[in-house]
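Only this structure's heavy atoms are used, side chains among them; waters, hydrogens and symmetry mates stay out.
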Amino acid sequence: MKLKDTQALTSFRYGWLLKRIFPYIKPFLGRVILGFIIAIPVGILDGVVSFALKPYMDYVVGQQNLIILGHEIPYSDLALAMPFAIIFFAAFQGVLRYANSYLTDWTSLKITNSVKNDLFARLVYMDTSFFDENSSGLIINRYLSDPDSASKGVVEQIKTIIISLFGAISLISVMLYSSWELAIVGVIVLTVAFLPVFMIRKKIKSVSNKNTVITGDIMTTMNETYAGNKVVTAYNLQNRQKTLFTKGITNSFNVSISLTKRVGWMSPIMYLIASFGIAFVLFYGTKLIYSGQMTAGSFASFVTSLLLLYKPVKTLGNTMTSIQNIFVSMGRVFELFDYIPLIKNSENTIDIPSLTQGVSFENVCFEYKENTPVLNNINLFVRKGETLAIVGNSGGGKSTLVNLIPRFYDVISGSIKFDGIDIRNFKLNDLRDNISFVFQDNFLFSGSIRDNIMLAKPNATEEELQLALSASHLDEVIKTLPDGLETELGERGLTLSGGQRQRVAIARAMIRNTPIIILDEATSALDNESEAIVQKALDNLMQNKTVFVIAHRLSTIKNADRIAVINDGHLVELGTHEELIAYENGQYKHLYEMQFKNSEVGV
């Protein structure tokens, strides 16, 4: 799944999207409904001022007493009471607005957090190819920004719609009360002014999708600048990174401004249409006043309502634009939810047995891209307790071969079997619980050294931990650190040297105590002194294990039980060091003479 290719095809299926988001709203439905209920009087109270103008103009300004149900109220009392009444209603509306905003923000954040948690729960189970195909910036943007826009905004915008809608209804009611003829004209004019909103839906979707990709590129540039800061400095790549960042910002500006050019004309047109309506109302209303069909107070109340009505109608227009953005984001969110990882448990899994015979590769073929083979018909059996060294040309498929064992990827054809059983029949967790990895550049998480070791086996005893420290020769490092095992590593563990990080990784693999060990060039980046110590730790780790080791160092290669030579995706030679070195014009002998023999002389 390439996130750059997303189309948010469901973004116009409003009912379907609301049905999908409803399970996240349901746990907080009581508060959501309460917020919506409070929003109704908040909107209705918008009409209080305009409604109050009629009696104020007709009775207070006109100095006439008001008669209600046979009871006469002096205009002087009205003059005194009405300002206080307006202040009271404004204060009451303010309290309601606060309560409404608090409820909306609370429920919106809760809903958003629920969506983010579920989405992240899916992200951690995504297959390796998903991370291969998508940049870190785009993944972060899609998994954090889209849920914010989709779930947080939906409650907020519905609340805004309710307030604006009931505000419009209350103002229209005041207009109808003042003059139904003028009210019809006003409503028609504002309805026409509202129509342009529906003309930009597809443009909003297109711009939103483009901006998501661009924002992802910008975040990737920032991530790479941070992670590769030494390379940036060493090779004077500052201008390159600045150019990439500026290009992303410029692209984002161009895409956003293209929407502004198409949306920006809506407001002037709405103003223009509304001005025609207001002009007609002024003309026709003056005529009604002169003919005695309408009082000055009714006219003032009507005009005030009409002017105030423009705000909720414009807000509704802007809200509809925002809601379309929300539905586009919601469509992208549920695309992520609906994506099924390529690597998953089969329908009928079985318990993984204790390895008694070995691991076999039977006619294994694999390709990352269609019709571009990486491995071709690999047939290989590795006995239990055997150490197999894998060598060959760069890009020949060595790492790919070992990455198939824990099912980072699945074979295109053929099979990999444990004791004759296809590994696809096992639960992924069970399969991976039987394998420990030590990579060339092992990732260490932020936290303490203890945390990084114990995450491999959280329930390990202190005795198991100490044995792992000793066997990995990490105890020597621990003694030199003021905080010992509790030393905080910082992001990616860069406070330790390469050899120290490797020993932490070996201790992590050792405490897990799995029957299968995979070493992917675990010592190739170390100096001779560090390599010697790490090699001792690896020797301890490999005891009584089935080991797959990719290495370029002579000591590891010569100590292996057998050596497999993989060139250009083919298993070209297999045997012990002595057997392979004896082949005249053999591939291993050629590699040995070019590289390993020089290493041996150097040692």
Side-chain angles (χ1 to χ4, degrees), residues 1-5 122-136 138-139 336 339-350 352 355 358-382 388-418 420-443 509 514-522 546-551 564 566-571:
M1 178 185 186
K2 292 187 178 180
L3 296 179
K4 282 191 175 184
D5 297 336
R122 287 179 174 267
L123 176 64
V124 296
Y125 287 105
M126 285 294 184
D127 44 76
T128 306
S129 60
F130 176 82
F131 295 97
D132 292 342
E133 292 175 345
N134 297 292
S135 68
S136 60
L138 189 54
I139 290 174
L336 297 178
Y339 173 71
I340 300 174
L342 300 176
I343 309 298
K344 56 184 182 296
N345 288 322
S346 61
E347 291 183 4
N348 300 308
T349 57
I350 61 175
I352 190 168
L355 190 68
V359 180
S360 59
F361 297 78
E362 299 179 4
N363 299 312
V364 168
C365 295
F366 180 77
E367 55 191 32
Y368 292 105
K369 295 181 180 179
E370 192 173 358
N371 299 321
T372 308
V374 177
L375 295 175
N376 293 278
N377 294 313
I378 300 294
N379 286 281
L380 179 64
F381 180 73
V382 182
L388 178 75
I390 304 172
V391 300
N393 63 340
S394 180
K398 303 184 298 296
S399 292
T400 299
L401 183 68
V402 296
N403 284 337
L404 295 176
I405 301 172
R407 292 188 66 193
F408 291 166
Y409 308 92
D410 268 343
V411 298
I412 300 300
S413 63
S415 61
I416 300 173
K417 296 180 178 179
F418 282 12
I421 304 173
D422 195 312
I423 59 173
R424 287 170 290 192
N425 293 326
F426 306 136
K427 292 178 182 177
L428 282 169
N429 283 356
D430 290 350
L431 172 65
R432 292 165 183 169
D433 280 343
N434 281 271
I435 303 169
S436 290
F437 255 97
V438 180
F439 300 95
Q440 177 181 354
D441 183 17
N442 286 281
F443 187 90
T514 58
I516 297 172
I517 305 292
I518 297 175
L519 309 176
D520 192 351
E521 303 195 32
T546 304
V547 182
F548 296 83
V549 52
I550 299 172
I566 295 181
N567 279 342
D568 300 322
H570 295 273
L571 176 61

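Residues Leu375 and Leu401 are in side-chain contact: their nearest non-hydrogen atoms beyond the backbone lie under 4.5 Å apart. Counting heavy atoms from C-beta outward, Ile550 and Leu519 have side chains that stay 4.5 Å or more apart. Contact of the Leu342 side chain with the Ser129 side chain is registered, since non-hydrogen atoms from C-beta on lie closer than 4.5 Å. Using a 4.5 Å cut-off on side-chain heavy atoms (C-beta onward), Ile435 and Ile405 make contact. For the pair Val359/Lys417, no side-chain contact is recorded, criterion being any heavy-atom separation below 4.5 Å from C-beta on. In this structure, Ser360 and Asn379 have side chains that are not in contact, with every pair of non-hydrogen atoms separated by 4.5 Å or more.
Across all non-hydrogen atoms, the minimal contact from Phe437 to Ala509 is O-CB, 4.3 Å. When every heavy atom of Asn345 is checked against every heavy atom of Lys427, the shortest pair comes out as OD1-CA, 3.3 Å. When all heavy atoms of Arg407 and Ile343 are compared, the closest pair comes out as O-CG2, 3.3 Å. Residue Val364 comes nearest to Ser415 through the heavy atom pair CG2-O, 3.3 Å, listed as atom of the first residue, atom of the second, then distance. A pairwise comparison of heavy atoms in Phe366 and Ile412 identifies CA-CG1, 3.6 Å as the closest pair. Residue Gly414 comes nearest to Val411 through the heavy atom pair O-CG2, 3.4 Å, listed as atom of the first residue, atom of the second, then distance.
Thr514 contributes a side-chain N or O that, together with a main-chain N or O of Ser436, makes up a donor-acceptor pair within less than 3.5 Å. Judged by distance alone, with hydrogens and angles left aside, the side-chain atoms of Lys398 form a donor-acceptor pair with the main-chain N or O of Asn393 at under 3.5 Å. Checking side-chain atoms of Ser346 against main-chain N and O of Asn425 turns up no donor-acceptor pair under 3.5 Å. A donor-acceptor pair under 3.5 Å is absent between the side-chain atoms of Asp568 and the main chain of Gly396, judged by distance alone. The closest donor-acceptor contact from the side chain of Asn567 to the backbone of Gly392 lies at 3.5 Å or more, if one exists at all.
The aromatic ring centres of Tyr368 and Tyr409 sit less than 6.0 Å apart.
Ile139 contributes atom CD1, which lies 10.0 Å from atom CD of Glu133 (distance to the nearest 0.5 angstrom). Atom CD1 of Ile378 sits about 13.0 Å away from atom CD of Glu362, to the nearest 0.5 Å. The CZ atom of Phe426 sits 9.0 Å away from the CG atom of Asn434 when rounded to the nearest 0.5 Å. Once rounded to the nearest 0.5 Å, the distance linking CG of Asp127 with CG of Leu428 reads 10.0 Å. Between Ile340 atom CD1 and Arg122 atom CZ the span is 8.5 Å, to the nearest 0.5 Å. Separating the CE atom in Met126 from the CG atom in Asn134 is a distance of 9.0 Å, to the nearest 0.5 Å.
Around the OH atom of Tyr125, the shell of radius 6.0 Å holds no more than 12 heavy atoms that belong to other residues, nucleotides or ligands.
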Inset, instruction - Mind running side-chain contact (heavy atoms from CB on, under 4.5 Å) on Ile421 and Ile350 for me, showing each step along the way? - result: CA-CA 10 Å; Ile421 304 173; Ile350 61 175; 3.8 Å; yes
Inset, instruction - In sequence, state the C-alpha distance, the side-chain angles, and the governing distance for Leu388 and Val549, and then conclude on side-chain contact (heavy atoms from CB on, under 4.5 Å). - result: CA-CA 6 Å; Leu388 178 75; Val549 52; over 6 Å; no
Legend entry - Worked check of side-chain contact (heavy atoms from CB on, under 4.5 Å) between Phe130 and Leu123: CA-CA 9 Å; Phe130 176 82; Leu123 176 64; 3.9 Å; yes
Legend entry - Step-by-step side-chain contact (heavy atoms from CB on, under 4.5 Å) determination, Val382 to Phe548: CA-CA 9 Å; Val382 182; Phe548 296 83; 3.5 Å; yes
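Side chains of Ser399 and Asp520: a donor on one and an acceptor on the other come within 3.5 Å.
Listed by chain and number, the residues in a side-chain hydrogen bond (donor to acceptor under 3.5 Å, both in side chains) with Asn377 amount to none (sequence neighbours excluded).
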